[in-house]
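Numbers for residues simply follow the sequence, beginning at 1.
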Amino acid sequence: MPFTIYDASITGAINLITALQGILTKAENHPDADTFPTHRLAPDMYPFAQQIWAVCTLAEAMATALQGRGGARVEFEDDPLATYAEMRARTERTLALLQSVDEAQAVECGDKESVWEFSSGLGKKSVTGVYFCAGAGLPNMYFHAVTAYAILRNAGVEVGKADYLMPFFKANILDHSTPVPA
């Protein structure tokens with residue numbers, strides 16, 4: 001079976017949000033947990049809670065694009081995810097949406113154009129679902145997830161590379177491989 005835009009975007013987003021849920025658990029269990037939602041790496045960067053919001057919003061935008069529905073720019077709201085319960089609820093809601101995406105429909109809709117409004121002065125662009133995911137959705141989603149991880153790591157939470165990579169490794173290697181005898 002060929003690797004598709006569904007595999008890259010929807011399955012990738014499911015793995016990424018699963019990884020985020022793991023680091024959320026580690027953050028919640030840290031003695032300084034109450035301070036992390038507002039932590040930033042730099043003054044001009046989103047705080048931790050907004051990084052989680054961004055990952056979920058981008059994953060939802062990719063799901064929308066690959067279900068044949070057009071895109072619209074979503075603006076950040078003040079403190080949309082002020083608590084860990086709200087962050088966890090948002091990741092669960094996003095996972096449910098991603099898991100509802102039909103693979104065949106996503107592959108078909110990947111070739112359909114939608115109008116998207118981009119920030120940074122780029123304005124409105126008509127692009128296919130594949131190009132939206134590859135050029136905007138995926139790189140932005142991974143950027144915000146890694147930044148959330150870096151915020152926690154910088155704040156002293158014991159998160160390691162495996163916390164980020166294991167959901168991907170499990171879904172793509174362990175679940176699709178055959179042991180080789182020694």
Side-chain angles (χ1 to χ4, degrees), residues 8-66 71-99 116-125 127 131-171:
S9 59
I10 303 302
T11 302
I14 289 169
N15 295 336
L16 186 64
I17 292 172
T18 301
L20 277 182
Q21 289 180 322
I23 70 167
L24 274 172
T25 298
K26 286 193 169 195
E28 286 175 292
N29 293 326
H30 192 277
D32 297 326
D34 292 346
T35 66
F36 298 147
T38 59
H39 269 228
R40 302 169 186 263
L41 285 181
D44 64 342
M45 294 180 77
Y46 287 169
F48 177 74
Q50 195 169 349
Q51 301 291 346
I52 301 298
W53 174 88
V55 171
C56 292
T57 299
L58 290 157
E60 292 162 2
M62 289 191 303
T64 299
L66 296 178
R73 182 156 167 69
V74 178
E75 295 296 333
F76 178 71
E77 304 163 13
D78 289 338
D79 298 325
L81 305 174
T83 67
Y84 288 100
E86 290 170 338
M87 286 183 252
R88 192 160 302 284
R90 181 62 185 271
T91 61
E92 289 294 335
R93 189 173 74 236
T94 303
L95 279 175
L97 171 65
L98 293 167
Q99 291 163 343
W116 294 86
E117 186 174 346
F118 295 95
S119 62
S120 304
L122 295 174
K124 291 184 180 182
K125 305 287 181 198
V127 296
Y131 288 121
F132 172 78
C133 291
L138 287 166
N140 275 296
M141 185 180 67
Y142 284 108
F143 171 82
H144 290 290
V146 171
T147 303
Y149 169 93
I151 289 169
L152 293 180
R153 180 73 185 226
N154 188 52
V157 178
E158 291 187 23
V159 291
K161 186 176 181 180
D163 294 306
Y164 177 80
L165 291 180
M166 280 312 291
F168 295 93
F169 191 81
K170 181 184 179 316

- Message: With a 6.0 Å cut-off (strictly less than), is the heavy-atom count around OH of Y84, excluding the residue itself, greater than 12?
- Response: yes

- Can you say whether the rings of F36 and H39 are parallel (under 30°), tilted (30 to 60°) or perpendicular (over 60°)? perpendicular

- Mind listing the closest non-hydrogen atom pair of I151 and P47 along with its distance? CD1-C, 4.1 Å

- Message: Once rounded to the nearest 0.5 Å, what's the spacing between atom CG of L24 and atom CD1 of I52?
- Response: 4.5 Å

- Query: Would you say the side-chain atoms of D163 pair up with the backbone N or O of G160, donor to acceptor, closer than 3.5 Å?
  - Reply: yes

- Query: Which atom names give the shortest non-hydrogen contact between G156 and H30, and what distance separates them?
  - Reply: O-NE2, 3.4 Å

- Task: Give the minimum heavy-atom separation between A59 and A13, together with the two atoms involved.
- Result: CB-CB, 4.0 Å

- Item | Rounded distance [0.5 Å steps], NZ in K161 versus OH in Y149 | 9.5 Å

- Query: Closest heavy-atom contact between S9 and L138?
  - Reply: CA-CD2, 3.9 Å

- Query: Are the side chain of N154 and the backbone of A150 linked by a donor-acceptor contact shorter than 3.5 Å?
  - Reply: no

- Message: Just verifying a value: how many Å separate M141 CE and T57 OG1, rounded to the nearest 0.5 Å?
- Response: 12.0 Å

- Item | Reported CD1-to-CD distance for the pair I23 and E28, which is rounded to 0.5 angstrom | 11.0 Å

- Write down the atom of A162, the atom of P167, and the distance for their closest heavy-atom approach. O-CD, 4.5 Å

- Task: Give, for atom OG1 of T147 and atom OH of Y142, the distance between the pair rounded to the nearest 0.5 Å.
- Result: 14.0 Å

- Task: Taking atom CG of D32 as the centre, report whether more than 12 heavy atoms of other residues, nucleotides or ligands fall under 6.0 Å from it.
- Result: yes

- Message: For E158, I'd like to know if atom CD has over 12 heavy atoms of other residues, nucleotides or ligands within 6.0 Å.
- Response: no

- Item | Shortest non-hydrogen separation from K125 to L122 and the atoms involved | CE-O, 3.1 Å

- Task: Apply side-chain contact (heavy atoms from CB on, under 4.5 Å) to the pair R90 and E60, showing each step before the final yes or no.
- Result: CA-CA 11 Å; R90 181 62 185 271; E60 292 162 2; 2.8 Å; yes

- Query: How long is the gap from CD on Q21 to CG on L16, to the nearest 0.5 Å?
  - Reply: 10.5 Å

